[in-house]
Amino acid sequence: QVQLVESGGGLEQAGGSLRLSCAASGSTFSNYRMGWFRQAPGKAREFVAAINQSGYSTYYADFVKGRFTISRDNAQNTAYLQMNSLKPEDTAIYYCGASSLRYHTVSPGSYGYWGQGTQVTVSS
């Protein structure tokens, strides 16, 4: 089992930046593929970015390519999401998830562990 705790959300103006962190504990962090998802009010949880166990492969939703960067530090048991050029439509609760799968998937159902989420609000 792995426990996840997100931090770093907040209120930011359009064009600004935020860095989200996801701290893991309880299991070997490097065994898990990590993903960031988001959920806006009234909408389904959607894939944002993912990184494989080693950190060498990353994947992004089209709407964040060139603006967001996912990374991980296996020594610190932490995953990150650097968000630049924020837009009001990025407003959502952001969740990190951990998956033991060895292949990329955008399905939230493939991630067995979730944090509590962190609110990101972008004002225009």
Side-chain angles (χ1 to χ4, degrees):
Q1 295 242 349
V2 59
Q3 291 79 46
L4 304 173
V5 178
E6 301 98 332
S7 61
L11 175 64
E12 184 59 69
Q13 292 185 336
S17 299
L18 285 172
R19 188 193 195 202
L20 305 184
S21 298
C22 175
S25 62
S27 189
T28 304
F29 180 65
S30 59
N31 286 344
Y32 296 93
R33 172 179 300 267
M34 299 301 295
W36 286 96
F37 290 73
R38 69 187 188 186
Q39 189 165 16
K43 295 189 176 182
R45 190 169 299 190
E46 63 179 355
F47 169 76
V48 174
I51 188 167
N52 74 341
Q53 284 82 347
S54 67
Y56 288 138
S57 296
T58 57
Y59 310 86
Y60 297 93
D62 286 344
F63 55 78
V64 302
K65 281 182 180 177
R67 299 191 298 125
F68 292 9
T69 302
I70 189 171
S71 61
R72 67 189 296 160
D73 184 339
N74 285 346
Q76 296 296 322
N77 295 338
T78 304
Y80 303 96
L81 184 68
Q82 177 67 44
M83 306 187 296
N84 299 329
S85 301
L86 284 164
K87 304 176 180 180
E89 51 264 43
D90 293 321
T91 295
I93 299 175
Y94 283 71
Y95 298 90
C96 71
S99 171
S100 58
L101 296 178
R102 293 286 172 176
Y103 56 86
H104 173 56
T105 172
V106 301
S107 170
S110 298
Y111 287 75
Y113 304 97
W114 295 95
Q116 81 288 351
T118 185
Q119 176 70 50
V120 171
T121 303
V122 184
S123 62
S124 57

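Residues: numbered from 1 along the sequence shown. Remember, predicted model here, so these are calculated numbers, not experimental data.
Taking OH of Y103 as the start and OG of S57 as the end, the distance is 15.5 Å to the nearest 0.5 Å. Atom OH of residue Y94 and atom OG of residue S7 lie 15.0 Å apart, to the nearest 0.5 angstrom. From S123, atom OG reaches atom CG of L11 across 5.0 Å, with rounding to the nearest 0.5 Å.
Nearest approach of S17 to N84, heavy atoms of both residues: OG-OD1, 2.9 Å. The shortest non-hydrogen separation linking Q53 to L101 is NE2-O, 2.9 Å. A pairwise comparison of heavy atoms in E12 and L86 identifies CG-CD1, 3.9 Å as the closest pair. T78 approaches S21 most closely through the heavy-atom pair CG2-CB, 4.3 Å. Between P88 and A14, the shortest heavy-atom contact is CD-CB, 4.1 Å.
Under the side chain to side chain donor-acceptor pair (under 3.5 Å) criterion, Q3 pairs with no residue at all, not counting sequence neighbours. Among residues two or more places apart in sequence or in another chain, the side chain to side chain donor-acceptor pair (under 3.5 Å) test is passed with S27 by Y32. E89 pairs by the side chain to side chain donor-acceptor pair (under 3.5 Å) definition with nothing, not counting sequence neighbours. Remark: Q119 pairs with T121 by the side chain to side chain donor-acceptor pair (under 3.5 Å) rule, at least two apart or across chains.
Note on F63: it clusters hydrophobically with L18, by side-chain heavy-atom contacts below 4.5 Å among ILVMFWY residues. Following chains of ILVMFWY side-chain contacts shorter than 4.5 Å, one can reach V122 starting from V64, so the two form part of one hydrophobic cluster. Under the 4.5 Å side-chain heavy-atom criterion for grouping Ile, Leu, Val, Met, Phe, Trp and Tyr, F29 is connected to L20 within one hydrophobic cluster.
Looking at R33, its side chain never comes within 3.5 Å of a backbone N or O of A50 through a donor-acceptor pair. The backbone N or O of S107 sits less than 3.5 Å from a side-chain atom of T105, completing a donor-acceptor pair. Although no hydrogens or angles enter the test, the distance criterion places no donor-acceptor pair under 3.5 Å between the side chain of N77 and the main chain of S25. With hydrogens and angles disregarded, no donor-acceptor distance shorter than 3.5 Å links the side chain of T69 to the backbone of Q82.
Applying the salt bridge (charged side-chain N to carboxylate O under 4.0 Å, His left out) test to every pair with at least one member in residues 58-79, sequence neighbours left out, gives these pairs: D62-K65, R67-D90. Here disulfide (SG to SG under 2.5 Å) pairs that include residues 49-89, with residues two or more places apart or in two chains, number zero.
Contact of the L4 side chain with the M34 side chain is registered, since non-hydrogen atoms from C-beta on lie closer than 4.5 Å. Residues L81 and V48 form a side-chain contact, since some pair of their non-hydrogen atoms from C-beta on lies under 4.5 Å apart. With contacts defined as side-chain heavy-atom distances shorter than 4.5 Å, the pair E6/Q116 qualifies. Proximity of V120 to I93: side-chain heavy atoms (C-beta onward) are nowhere separated by under 4.5 Å.
A cation-pi geometry, defined here as NZ or CZ lying under 6.0 Å from the six-membered ring centre and within 45° of its normal, does not hold between R38 and Y95.
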Notebook entry, point to check: How far apart are the C-alpha atoms of Y56 and I51, what are their side-chain angles, what is the distance that settles it, and do they pass the side-chain contact (heavy atoms from CB on, under 4.5 Å) test?
Noted result: CA-CA 8 Å; Y56 288 138; I51 188 167; over 6 Å; no
Next item on the list: Check the pair W36, I70 against side-chain contact (heavy atoms from CB on, under 4.5 Å), reporting the backbone distance first and the verdict last.
Entry: CA-CA 8 Å; W36 286 96; I70 189 171; 3.6 Å; yes
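Shown are F37, Y59, F68; of these, the ring-ring contact (aromatic ring centres under 6.0 Å, His included) with F47 is made only by F37.
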